[in-house]
Each structure stands twice: as C-alpha cells, then as structure tokens.
Amino acid sequence: MSTSPEYATFHFHALHHADQPLLLPNAWDVISAVALAGAGYAAVGTTSLGVAAAHGYPDGRALAEARDATLALALRLNGRLSCPYTVDVEGGFGGDAGQVGDLAAELAEAGAAGLNLEDGLPGGEGLQDPVRQAELLSAVKERAPGLFLNARIDTHWLTDSPPPLSVTLARAERYLAAGADGIFVPGVVADEEVSALVAGIPAPLNILFAPGRHTVSRLADLGVRRISTGSLLFRTALQATLTAADAIRTGRRPTDAAGAGEGGEALGYEALGYEEVQRLVVGEEA
C-alpha cells in the first residue's frame with residue numbers, strides 16, 4: 001500500500017465501509033504500533049490510557065503533558081507504518097475549540113489518518129455539554145477535513161447506570177451534523193443495544209471489544225463497522241510483564257490460564273483493570 005498521507009487517509013475512511021468491520025488494535029508506543037502493523041492489521045490506533053500511563057501520567061485528566069506525549073508519538077509514527085494510524089486525544093486535553101482544532105491540524109501534518117475525540121469530562125466528572133462538544137468537532141473538521149473524525153460518546157462508559165439509548169442517539173445526531181465521520185460508544189455490550197445503535201446511527205458505529213462478551217464475527221453480524229481494543233492490549237502486556245517477573249522470582253512456570261473479569265477468559269489472557277493502571281500511575285485512589 002502507498003504510504004502517502006493522502007492515500008492513507010482515503011484508505012482509512014474506506015476501511016469503515018468495507019465488507020468486514022475494521023478491527024483496530026490500539027498501540028501505546030512506536031514499537032507496539034510497528035509490531036501490530038507488521039502483523040498485518042489494516043490500521044492501528046493509539047490508546048490514551050496506554051500513552052499517558054507509559055509516560056507516568058493518568059488518563060483522562062486533560063493534562064498538557066499527556067497531550068505532548070500523544071503528539072510526540074504521532075510524529076514518531078509518521079512514515080514508520082505500512083498502514084494508516086488514528087490518534088486518541090481524550091476530550092481534546094481541555095482545550096477550547098481553537099486549541100482542539102490546532103491539535104487536529106498538527107496530527108494531520110504528522111501523518112495521522114484519523115482522530116478519536118470523547119465527550120466525557122476530565123476525571124470522569126460526567127459528560128460534556130453536547131453543544132460545546134459539537135463546537136469542538138466542527139473545529140476539528142474545519143482545520144483537518146481529511147481526518148476520519150470518530151466522535152466518542154461516553155454515556156455508557158465507566159457507569160453502572162447509563163441513560164436511555166435515546167440520549168446516546170441524540171448526541172450522535174448532533175455530532176454527525178457537526179462533521180463527525182463515525183460514532184464510538186464504548187461500554188455497550190448487549191446485542192440488542194448494539195443493534196439499536198446500528199439502526200439509529202447513519203454512520204459507521206465503533207464498539208469497544210469486551211472480552212468474554214463480544215466476538216468479532218458477532219459484532220460484524222450486528223452491523224458494527226469498527227471494533228477497537230482500547231487499552232486492553234496495553235493492560236494485557238502489563239499483566240504479562242508482572243506474570244513473567246513473578247515466575248522468575250518464584251521459580252514457577254508462567255501459565256496462559258485466563259484471568260477473571262476484564263482479562264478475557266475465552267481468549268486465554270489476563271489484563272490489569274483500567275482503574276488499577278490509573279492507581280499505579282497516580283499512586284492514590286484514581
């Protein structure tokens with residue numbers, strides 16, 4: 001495949017409308033991105049948790065340091081991959097419309113083919129006002145029209161009591177009108193909810209893969225167009241590091257037995273939880 005930015009962007013858009021959904025693994029540094037691209041994945045994303053935590057910062061706090069690390073990674077990936085890459089920028093790292101637009105322009109200049117922008121407030125303090133979020137999305141599209149703009153809706157993320165799907169669909173409608181190319185709703189796992197989102201959103205739907213709850217083939221049957229791994233690969237790698245170190249210390253052979261909860265029983269891997277990684281980074285209750 002050509003590695004020109006223009007072709008990469010065109011190809012990345014097209015992957016959301018192919019016969020099969022785009023399975024998007026998420027990297028946290030250059031070598032993980034290069035390895036995933038080399039393994040034959042059609043595109044690679046970054047994970048905001050992985051990038052922030054790998055640099056010693058918590059995720060989702062709108063930190064300037066996390067923004068700098070994210071942009072630096074995007075710059076280092078330019079020209080290194082045989083496939084397009086898209087960048088997770090949290091909620092724009094606390095910037096206003098002009099600053100988020102500037103960031104999008106910098107990412108496009110760095111060679112990124114897409115951008116993922118969430119509407120969750122920093123620190124898990126609820127959701128962004130949809131009118132303001134639409135302004136951020138419009139600014140991205142104005143400054144970097146070629147990027148595939150994936151609008152993440154956090155109505156179902158890190159909450160035990162999500163609102164009705166009608167709230168999610170209303171946000172999706174507003175964000176698409178503002179220029180979003182796709183909609184991402186992490187935290188949705190039930191088939192009936194996924195189907196309702198596919199039916200109600202006239203754009204490619206992105207779902208976060210939930211080990212033990214999802215399969216790629218089932219999500220494809222439901223009409224999902226993009227399947228992200230989020231921070232799962234990073235957390236799995238971190239757990240594997242601890243497991244290997246413990247095996248050396250104790251003299252026991254590491255096993256590939258599955259862990260519990262988010263680890264991925266059906267796939268035979270174990271991952272640290274999102275909040276556990278956050279606590280490791282901040283050294284306190286995240």
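- A cation-pi arrangement is not found for R235 relative to W28, the charged atom failing to lie both closer than 6.0 Å to the ring centre and inside a 45° cone about the ring normal.
- Side-chain contact between T168 and T155: present, with at least one pair of heavy atoms (C-beta onward) separated by less than 4.5 Å.
- For the atom pair CG of D68 and CG of L73, the computed distance is 12.5 Å after rounding to the nearest 0.5 Å.
- Summarising the geometry, atom OG1 belonging to T236 is positioned 4.0 Å from atom CG belonging to L232; distances are rounded to the nearest 0.5 Å.
- Between N116 and V89, every side-chain heavy-atom pair lies at or beyond the 4.5 Å cut-off.
- When atom types are taken as modelled, the side chain of E65 and the backbone of Y57 share no donor-acceptor pair closer than 3.5 angstrom.
- Closest approach of D154 and P186 over heavy atoms only: OD1-CG, 3.8 Å.
- Following chains of ILVMFWY side-chain contacts shorter than 4.5 Å, one cannot reach V167 starting from L205, and the two form parts of different hydrophobic clusters.
- Minimum heavy-atom separation, A43 to C83: CA-SG, 3.8 Å.
- Between the T215 side chain and the R218 main chain, a donor and an acceptor come within less than 3.5 Å of each other.
- Relative orientation of the Y7 and F10 rings is tilted, given thresholds of 30° and 60° on the angle between their planes.
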query = Step by step, would you call L121 with L127 a side-chain contact (heavy atoms from CB on, under 4.5 Å)?
reply = CA-CA 5 Å; L121 291 172; L127 298 176; 5.7 Å; no
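- Taking the side chain as every heavy atom from C-beta outward, H11 and E6 never approach each other to under 4.5 Å.
- Relative ring orientation between F148 and H16 is described as parallel, the plane-to-plane angle staying below 30° on a 0-90° scale split at 30° and 60°.
- Not one N or O on the side chain of N206 forms a donor-acceptor pair closer than 3.5 Å with the backbone of I183.
- Hydrophobic clustering (ILVMFWY, side-chain heavy atoms < 4.5 Å, transitive): L115 and L71 are in one cluster.
- Between R152 and D119, no side-chain nitrogen of the basic residue sits less than 4.0 Å from a carboxylate oxygen of the acidic one, so the salt-bridge criterion is not met.
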query = For I153 and Y175, what are the C-alpha separation, side-chain angles and deciding distance, and is it a side-chain contact (heavy atoms from CB on, under 4.5 Å)?
reply = CA-CA 9 Å; I153 300 175; Y175 297 168; 3.7 Å; yes
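- L147 and L77 fall within a single hydrophobic cluster, where Ile, Leu, Val, Met, Phe, Trp and Tyr side chains are chained together by heavy-atom contacts under 4.5 Å.
- Atom CD of E109 has 12 or fewer neighbouring heavy atoms from other residues, nucleotides or ligands inside a 6.0 Å radius.
- Between the side chain of R225 and the main chain of A220, no donor-acceptor pair closer than 3.5 Å is present.
- Using a distance-only test at 3.5 Å, with no hydrogens or angles considered, no donor-acceptor pair links the side chain of K141 to the main chain of G146.
- Counting heavy atoms from C-beta outward, L117 and N150 have side chains that stay 4.5 Å or more apart.
- For CD of E173, the number of neighbouring non-hydrogen atoms (other residues, nucleotides, ligands) closer than 6.0 Å is 12 at most.
- L219 and L15 fall into different hydrophobic clusters, where Ile, Leu, Val, Met, Phe, Trp and Tyr side chains are chained together by heavy-atom contacts under 4.5 Å.
- The pair R76-D29 does not count as a salt bridge, with every side-chain nitrogen at least 4.0 angstrom from each carboxylate oxygen.
- Residues N26 and V44 are not in side-chain contact: their nearest non-hydrogen atoms beyond the backbone lie 4.5 Å or more apart.
- Residue V34 is grouped with residue V87 when hydrophobic side chains (ILVMFWY) are merged at heavy-atom distances under 4.5 angstrom, including chains of intermediate members.
- Remark: L24 CG to R226 CZ distance equals 5.0 Å, nearest 0.5 Å.
- Atom-to-atom distance recorded for H55:NE2 and L63:CG is 13.0 Å, nearest 0.5 angstrom.
- Atom CZ of F184 is separated from atom OG of S228 by 4.5 Å, given to the nearest 0.5 angstrom.
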query = So E275 and L158, side-chain contact (heavy atoms from CB on, under 4.5 Å) or not? Walk me through it.
reply = CA-CA 10 Å; E275 293 295 341; L158 299 181; 4.1 Å; yes
ask   = Between H13 and T9, does a side-chain contact (heavy atoms from CB on, under 4.5 Å) hold up when you go through it step by step?
value = CA-CA 6 Å; H13 278 261; T9 300; 3.9 Å; yes
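- Counting heavy-atom neighbours within 6.0 Å of F93 CZ, excluding the residue itself, gives a total above 12.
- The environment of R213 atom CZ is sparse: at most 12 non-hydrogen atoms of other residues, nucleotides or ligands sit within 6.0 angstrom.
- T47 places a side-chain N or O within 3.5 Å of a backbone atom of G50 that can act as its donor or acceptor partner.
- Looking only at atom types and distance, the side chain of T46 has no donor-acceptor partner in the side chain of D88 under 3.5 Å away.
- No side-chain heavy atom of I207 sits under 4.5 Å from any side-chain heavy atom of I227.
- Using modelled atom types, one side-chain atom of S138 and one backbone atom of A178 make a donor-acceptor pair closer than 3.5 Å.
- The shortest heavy-atom contact between A97 and E135 is CB-O, 4.1 Å.
- The two residues Y85 and A112 make their nearest non-hydrogen contact at OH-N, 3.4 Å.
- The shortest non-hydrogen separation linking G101 to R143 is O-CB, 3.3 Å.
- R252 and A247 get closest at one heavy-atom pair: O-CB, 3.0 Å.
- With contacts defined as side-chain heavy-atom distances shorter than 4.5 Å, the pair T86/F12 qualifies.
- In this structure, E118 and E90 have side chains that are in contact, with non-hydrogen atoms separated by less than 4.5 Å.
- Taking CG of L233 as the reference point, atom CG of L36 lies at 6.5 Å (rounded to 0.5 Å).
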request  = For the pair R67 and E106, evaluate salt bridge (charged side-chain N to carboxylate O under 4.0 Å, His left out) and give the outcome as yes or no after the intermediate values.
outcome  = CA-CA 12 Å; R67 180 195 188 279; E106 291 180 90; 2.8 Å; yes
